[in-house]
2 protein chains.
Amino acid sequence: MKSRVKTQPSASPASTRKSRRAHGGVTLQDVARLAGVSPITASRAINQPDVVSEDARERVQRAIRQTGYTPNLLAGSLASSRSRLVAVVVPTLTGPMFMETIQALTERLAEVGYQVIIGQSGYDNAREDELLNAIIGRRPDGIVLTGVAHSAKGRVRLAGAGIPVVETWDFIPTPIDMLVGFSHDSIGPEVAAFLRQRGCKRVAVLSADDERAVRRAKSFAAAAHALRITAGKTANSSCEWLPALTSLGVGRRGFAALFERLPKLDGVFCSSDVVAQGVLAEAQARGLRVPEDLAVVGFGDLAFAPDLHPPLTTVRVDANEMGRIAGDLILKRVAGESVKTRLVDVGFSIVERGSA
Amino acid sequence: MKSRVKTQPSASPASTRKSRRAHGGVTLQDVARLAGVSPITASRAINQPDVVSEDARERVQRAIRQTGYTPNLLAGSLASSRSRLVAVVVPTLTGPMFMETIQALTERLAEVGYQVIIGQSGYDNAREDELLNAIIGRRPDGIVLTGVAHSAKGRVRLAGAGIPVVETWDFIPTPIDMLVGFSHDSIGPEVAAFLRQRGCKRVAVLSADDERAVRRAKSFAAAAHALRITAGKTANSSCEWLPALTSLGVGRRGFAALFERLPKLDGVFCSSDVVAQGVLAEAQARGLRVPEDLAVVGFGDLAFAPDLHPPLTTVRVDANEMGRIAGDLILKRVAGESVKTRLVDVGFSIVERGSA
DNA sequence: CATTGAAATGATAGCGCTACCATTTTGGAC
DNA sequence: GTCCAAAATGGTAGCGCTATCATTTCAATG
């Protein structure tokens with residue numbers, strides 16, 4: 001290759017070159033011409049109206065209306081190094097809790113003219129890595145992640161991309177960049193204390209086996225064991241595990257198995273409200289009064305929780321606020337403002353209703 | 001303005017101009033230099049590897065690894081008039097049914113290196129219009145809409161944008177461009193016939209008041225009335241309306257009101273599975289056996305439907321397939337393939353379980 | 001009227017990649 | 001070895017907008 005003779009400049013006239021322009025597309029040039037200003041003034045009239053005279057502004061706006069011009073944000077983003085896109089990665093698009101965060105984030109960003117690119121990792125690090133590669137190529141102004149578990153490669157990639165990153169839905173002291181979340185490990189002990197205060201003497205946990213649910217379950221079981229209120233002899237034997245993708249039916253069958261094993265059970269912490277719903281159904285089928293015979297606590301405070309019979313006591317996390325704050329953090333970063341608080345703990349609360 | 005003296009070319013040396021390049025960013029030029037090829041060969045090695053020699057390809061790939069290069073998709077999209085983005089508009093990000101469609105669409109598109117921009121219209125045409133303006137500026141390769149109700153302005157905008165558009169979740173003969181959906185008006189008569197065949201003699205409908213739910217409800221009531229099996233004297237009096245954002249509790253209270261009004265009721269069609277769940281709860285509280293005393297049919301076949309007691313009979317629409325087909329249609333269009341079938345009716349089915 | 005500084009506008013060049021035409025290289029056939 | 005066509009590679013220019021420096025215009029002041 002190095003030995004190749006360099007090609008000489010072509011003698012072909014440039015004017016015979018085919019146009020590469022998207023046909024029929026109205027550009028800023030067209031607007032500027034019609035308005036009788038330069039393209040950059042037309043651009044300013046759109047993006048920085050306060051530095052353009054009222055007269056010029058009105059002429060540009062009239063030209064935009066007449067031509068039906070829509071700015072090409074690809075070009076503007078490239079020229080300004082500002083895409084006004086934020087990319088979000090969720091494990092699944094059909095999980096109610098994450099989507100609440102994404103909704104709030106999307107709304108916050110839409111207020112300032114941002115759009116959201118969405119990606120699904122399917123709870124799989126390799127897929128997340130692939131997705132991150134594609135996403136970084138989009139040059140978003142920020143990236144929001146719905147968890148803190150990433151591959152080493154993914155971390156390095158994100159840290160080196162020069163893009164603001166906000167991790168959510170967890171709380172660790174060493175985020176990639178910024179973090180808005182809550183501590184799963186702190187929930188267990190709070191719920192254990194709550195059930196003890198409620199008079200429970202033999203409690204257990206019914207939990208999905210995804211990483212975060214496992215942490216909540218284990219911290220609950222350990223705290224309950226320390227309080228000497230576990231239904232099983234050990235913390236471990238007071239946990240019943242369910243496959244990660246839970247449903248009402250899975251929760252129901254899981255409770256049946258748990259109750260078989262620990263029939264003296266008088267309180268149960270469920271890894272989600274969906275699981276708790278299954279527990280309520282099975283408890284009723286077995287003639288157990290809730291909360292008299294069995295106290296039930298869920299997680300998530302989903303929309304249906306107050307409507308169950310009895311209304312579900314559950315751990316509430318403000319998914320909405322996480323999304324809003326994540327949006328704020330990114331916008332501040334983009335604006336060059338000092339972001340003092342890179343770690344935001346939104347906490348959680350136990351919403352007391354009729355089930356416990 | 002027209003009388004202004006044109007500015008003369010500046011004598012300032014071009015080399016004193018500040019660089020506008022994103023600092024530290026590795027570009028294709030850097031990769032090409034390191035690999036000893038031209039930038040366009042490096043580009044081909046990435047995008048069209050089959051027209052590059054194996055030797056050059058490997059040198060480019062090594063250079064990419066060494067530099068950590070990530071293509072700038074803004075630039076590539078602008079130069080090629082191909083963004084590899086598809087924009088989706090949903091009424092809400094927290095509604096389970098739409099998100100199933102979006103998930104399937106996202107997965108289909110991810111297979112071929114596309115990303116999805118997501119927007120929320122909030123069931124508001126003005127908001128949708130605003131969103132469409134922003135979205136069109138992104139120059140996506142396609143736009144997917146989750147309904148056919150748009151403002152006149154929005155329609156004109158979409159039709160004139162030169163971007164493939166797929167409307168979903170409905171079925172009309174006059175889509176803006178392409179359509180993948182099912183007929184809400186056809187569902188009512190099918191459910192009425194089903195309940196009649198089930199032996200019901202006094203049926204009613206419990207429905208949210210959003211446009212599509214209303215169409216299902218009215219067509220059901222009309223068909224049931226024609227079959228002389230309405231619980232009320234008229235089709236209208238056999239409908240009970242709920243505010244559009246329904247929940248289990250709203251469904252439950254709505255059924256209580258309906259039952260108060262029409263106590264001889266022996267079959268009910270609900271506008272969603274969530275509403276049906278509330279009906280099941282209230283029926284049980286009233287000692288009504290389902291389906292012996294009251295047949296219950298839902299809509300949507302949500303994940304919890306089989307787990308209810310009794311398992312819910314419901315109208316199933318393949319939300320997943322709508323997303324997948326929508327993705328396929330857009331990809332075909334982008335590839336310049338002939339898209340013969342611009343209207344795809346995915347139909348619906350009545351999933352018979354224990355509640356009817 | 002002249003001067004000055006701020007406001008308004010314009011020119012130049014570039015953001016990073018790729019469409020398309022041009023040129024070179026390679027391999028097979030005779 | 002020559003010729004030819006296909007494969008491989010490169011040069012030019014542009015996609016549509018905007019950062020930044022340059023120039024012009026305007027308004028206030030003395």
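By convention in this document, chain letters (A, B, ...) are assigned in the order of the sequence lines, proteins followed by strands, and residues within each chain are numbered from 1. Side chains included, hydrogens not; waters and symmetry mates left out as well; all remaining heavy atoms used.
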Subject >> Value in whole Å for how far the P atom of D:dT20 lies from CD of A:Q48 >> reply: 11 Å
Original post:
Do B:D328 and B:K332 sit within salt-bridge range, that is, some charged N less than 4.0 Å from a carboxylate O?
Top reply: no
**OP:** Would you mind reading off the distance between B:N72 atom CG and D:dC15 atom P, rounded to a whole angstrom?
**Re:** 18 Å
Original post:
Counting side-chain heavy atoms from CB outward, which of C:dG14, C:dG10, D:dC15 is closest to A:A79?
Top reply: C:dG14
**OP:** Go through the steps for A:L158 and A:R155 under the test side chain to side chain contact (heavy atoms under 4.5 Å, CB included), then give the verdict.
**Re:** CA-CA 5 Å; A:L158 286 166; A:R155 275 179 194 281; 5.9 Å; no
Original post:
Where the side chain of A:V37 is defined as all heavy atoms beyond and including C-beta, which of C:dT9, C:dC17, C:dG10 is the nearest nucleotide?
Top reply: C:dG10
Subject >> Spacing between A:Y69 atom OH and D:dC17 atom P, to the nearest angstrom >> reply: 3 Å
Subject >> Under-4.0 Å side-chain N/O to phosphate OP1/OP2 contact, A:S80 with D:dT18 >> reply: no
Original post:
How far apart are the C-alpha atoms of A:T168 and A:L179, what are their side-chain angles, what is the distance that settles it, and do they pass the side chain to side chain contact (heavy atoms under 4.5 Å, CB included) test?
Top reply: CA-CA 6 Å; A:T168 62; A:L179 176 62; 5.9 Å; no
**OP:** Evaluate the criterion salt bridge (charged side-chain N to carboxylate O under 4.0 Å, His left out) for residue pair B:E130 and B:R127; output intermediate values, then yes/no.
**Re:** CA-CA 5 Å; B:E130 245 183 85; B:R127 256 181 75 189; over 6 Å; no
**OP:** Take atom CG of B:L28 and atom C1' of D:dT9, then tell me their distance rounded to the nearest Å.
**Re:** 14 Å
Subject >> N-O pairing of A:R333 and A:D177 below 4.0 Å >> reply: yes
Original post:
Just how large is the angle between the end axes of the helix from C:dC1-D:dG30 to C:dC30-D:dG1, five pairs per end, to 10 degrees?
Top reply: 30°
Original post:
In whole Å, what is the span from the CD1 atom of A:I64 to the C1' atom of D:dC17?
Top reply: 13 Å
Original post:
Has A:R57 got more than 12 heavy atoms of other residues, nucleotides or ligands less than 6.0 Å from its CZ?
Top reply: yes
Original post:
Given atom CZ of B:R139 and atom C1' of D:dG16, what is their separation to the nearest angstrom?
Top reply: 9 Å
Subject >> Test side chain to side chain donor-acceptor pair (under 3.5 Å) applied to B:T92 - qualifying residues, sequence neighbours left out >> reply: A:Q103, B:T94
**OP:** Supply the atom-to-atom distance A:R342 CZ to A:E167 CD, rounded to the nearest 0.5 angstrom.
**Re:** 10.5 Å
Original post:
Does anything in residues 40-47 of chain A reach DNA chain D, meaning a heavy atom under 4.0 Å, and if so which residues?
Top reply: A:I40, A:S43, A:R44, A:N47
Original post:
Whole-Å distance between C:dT18 C1' and B:L78 CG?
Top reply: 10 Å
Original post:
Given side chains that start at C-beta, do those of A:T146 and A:P91 come closer than 4.5 Å, heavy atoms only?
Top reply: yes
Subject >> First encountered from the 5' end of DNA chain D, between B:P39 and B:A75 >> reply: B:P39
**OP:** Write down the distance between CD (B:Q29) and P (C:dC15), rounded to a whole number of angstrom.
**Re:** 9 Å
**OP:** Please determine if a side-chain N or O atom of A:S53 lies less than 4.0 Å away from the OP1 or OP2 oxygen of C:dT9.
**Re:** yes
